[in-house]
Undergrad: 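Below you will find the structure I want to go over with you.
Side chains are part of it too, since the values below use all heavy atoms of this structure and drop only hydrogens, waters and symmetry mates. From a predicted model like this one, the values you see are computed outputs, not experimental measurements.
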Amino acid sequence: MKLIKVFHIISSLSRGGRERQLSILLSKNNMEVNNIAIVLNKTQSNYIEEYNLTDKIIFLKHRNIYKIIIELKNILKKEKPDIIWTWGGYEASFGMILSIFFNVIHINGSIRHGIVLYKWKQIWRKFILHLSKNIVSNSYAGLKANKIKRGQVLYNGISDFFFQSKLNKYLDRTNLLNLPQTTLLIISVANLVPYKDYFTVLSALQKLKKAGYEFFYLILGDGEMKSLILKYIEKCELENNVIIMGNINNVSDYLRISDLFIHSSQGEGCSNAIIEAMACGLPILASDTGGTSEIVKNHFGYLFEYKNSNQLYIKIIEILKNKTKLELMGENAKKYAISNFSIDTMILNYNKIVREIYNKK
């Protein structure tokens, strides 16, 4: 069986969903596909050291578009890949040009969300998508939102350490946060940006506090909305209930000490944050947007209407009424994540997609 050489073009390997998925693919020994990444921009915060990717990365030297094309042309002429896989609309523009020039297969992997924002970059990305023969999304919702009737789906895979047991959950809670062991700990992992809807979550938690429930809400993330979110926390009188940790590396440690995961977003493809929480054994409450309904099932999670804080509050109460059910939902979430979102599963699906597209050439 031929070893297929795939060159991935991505703007950077800064921390994010698509960057992590590619980093995992690059880091694993693969007997069927040789993966190399061409990275357009260097960033300080990236996955290169975490996944030991030094030998799998080629950084471009230039920023001028014309010089980028020349540099890419020289690299591909020397390396002769079988497939160019691009991870964004900007990158796909280069991929399409180079695939024609070298008569090589191009896979457009720029669909990462289940929503389309009509800004000029999104319009251009969608235009290139509809010109692309081979398209891979990380959700069916992403294909539908972009009105793509062809294309395949490669769901994200979660690193093995998220599946580790949480035997010392309450002891670790005391060590990491100095919190009471038995108090309900709710967690969200998402950047503090406009389309991540923390205001709905905080409104629901305000109702929960007024109903007499004791809890802490842990936020892992940082971003441009932080000051507004802090003001809203004060408005909801939740200053003593909410802890904003910022960006941290040991996300799995904090997921494992928590009891319930909440994710409210304007749109997702296949949310890494959600499936990481599932892998750590947490019940899921998530907004019914984008591809979230593809990964969150009723036996371990509930969906709520986007921006409907009262519906979210009702779902929280429903879960909290039965501690046994809360624990069972967490167990079910972990089992589902192991079966559907492990790295091995992602790589098997990735190899299948690559082989299928290559054989159609």
Undergrad: Is the number of heavy atoms from other residues, nucleotides or ligands within 6.0 Å of CD1 (I314) greater than 12?
TA: yes
Undergrad: Can you confirm whether N103 is buried at CG, in the sense that more than 12 heavy atoms of other residues, nucleotides or ligands lie under 6.0 Å from that atom?
TA: no
Undergrad: Among N30, T345, N35, which one satisfies side chain to side chain donor-acceptor pair (under 3.5 Å) with Y350?
TA: N35
Undergrad: Between E79 and K5, is the closest basic N to carboxylate O distance under 4.0 Å?
TA: yes
Undergrad: Is the side chain of N322 donor-acceptor paired with the backbone N or O of K325 at a distance under 3.5 Å, no angle test?
TA: yes
Undergrad: Assess K315 against F304: is NZ or CZ under 6.0 Å from the centre of the six-membered ring, and within 45 degrees of the ring's axis?
TA: no
Undergrad: Measure the spacing between NZ of K77 and CD1 of I75 and express it to the nearest 0.5 Å.
TA: 13.5 Å
Undergrad: Is the number of heavy atoms from other residues, nucleotides or ligands under 6.0 Å of N298 CG greater than 12?
TA: no
Undergrad: How are the rings of W124 and F127 set to each other: parallel, tilted or perpendicular (split at 30° and 60°)?
TA: tilted
Undergrad: Please check if the number of heavy atoms outside K144 that lie under 6.0 Å from its NZ is greater than 12.
TA: no
Undergrad: Under the salt bridge (charged side-chain N to carboxylate O under 4.0 Å, His left out) criterion, do E32 and K352 qualify, and how do the steps go?
TA: CA-CA 10 Å; E32 295 186 40; K352 181 181 177 182; over 6 Å; no
Undergrad: I'd like to know if the side chain of E294 reaches the main chain of Y140, judged simply by a donor and an acceptor atom lying under 3.5 Å from each other, with no hydrogens or angles considered.
TA: yes
Undergrad: Within a 6.0 Å radius of atom NZ on K231, are there more than 12 heavy atoms belonging to other residues, nucleotides or ligands?
TA: no
Undergrad: In plain terms, say whether K360 and E356 are close enough for a salt bridge, that is, a side-chain N and a carboxylate O under 4.0 Å apart.
TA: yes
Undergrad: Quick check for you: to the nearest 0.5 Å, what is the distance between I148 atom CD1 and K126 atom NZ?
TA: 8.0 Å
Undergrad: For salt bridge (charged side-chain N to carboxylate O under 4.0 Å, His left out), just list the numbers for K28 and D344, CA-CA rounded to whole Å, side-chain angles, deciding distance to a tenth of an Å, and then say yes or no.
TA: CA-CA 9 Å; K28 295 297 178 179; D344 288 342; over 6 Å; no
Undergrad: Do the side chain of N34 and the main chain of I4 share a donor and acceptor less than 3.5 angstrom apart?
TA: no
Undergrad: Quick check on E239: does its CD atom have over 12 non-hydrogen neighbours (other residues, nucleotides or ligands) under 6.0 Å away?
TA: yes
Undergrad: Enumerate the residue pairs fulfilling side chain to side chain donor-acceptor pair (under 3.5 Å) with a member in residues 199-219, sequence neighbours excluded, ordered by first and then second residue.
TA: S188-Y217, D197-T200, S203-Y232, K207-S309, K209-N241
Undergrad: Parallel under 30°, tilted from 30 to 60°, perpendicular over 60°: which one fits the rings of Y336 and F300?
TA: tilted
Undergrad: Students often mix this up, so state it plainly: with edges at 30° and 60°, are the rings of Y195 and H113 parallel, tilted or perpendicular?
TA: perpendicular
Undergrad: Just to verify, what does N146 make a side-chain hydrogen bond (donor to acceptor under 3.5 Å, both in side chains) with, not counting sequence neighbours?
TA: R125
Undergrad: Report the C-alpha separation of L320 and L184 in whole Å, then their side-chain angles, then the decisive distance to 0.1 Å, and conclude whether the side chain to side chain contact (heavy atoms under 4.5 Å, CB included) test is met.
TA: CA-CA 9 Å; L320 296 185; L184 176 71; 3.6 Å; yes
Undergrad: I'd like to know if the side chain of S12 and the backbone of S14 have a donor-acceptor N/O pair within less than 3.5 Å.
TA: yes
Undergrad: Is there a donor-acceptor pair closer than 3.5 Å between any side-chain N or O of K42 and the backbone N or O of V39?
TA: no
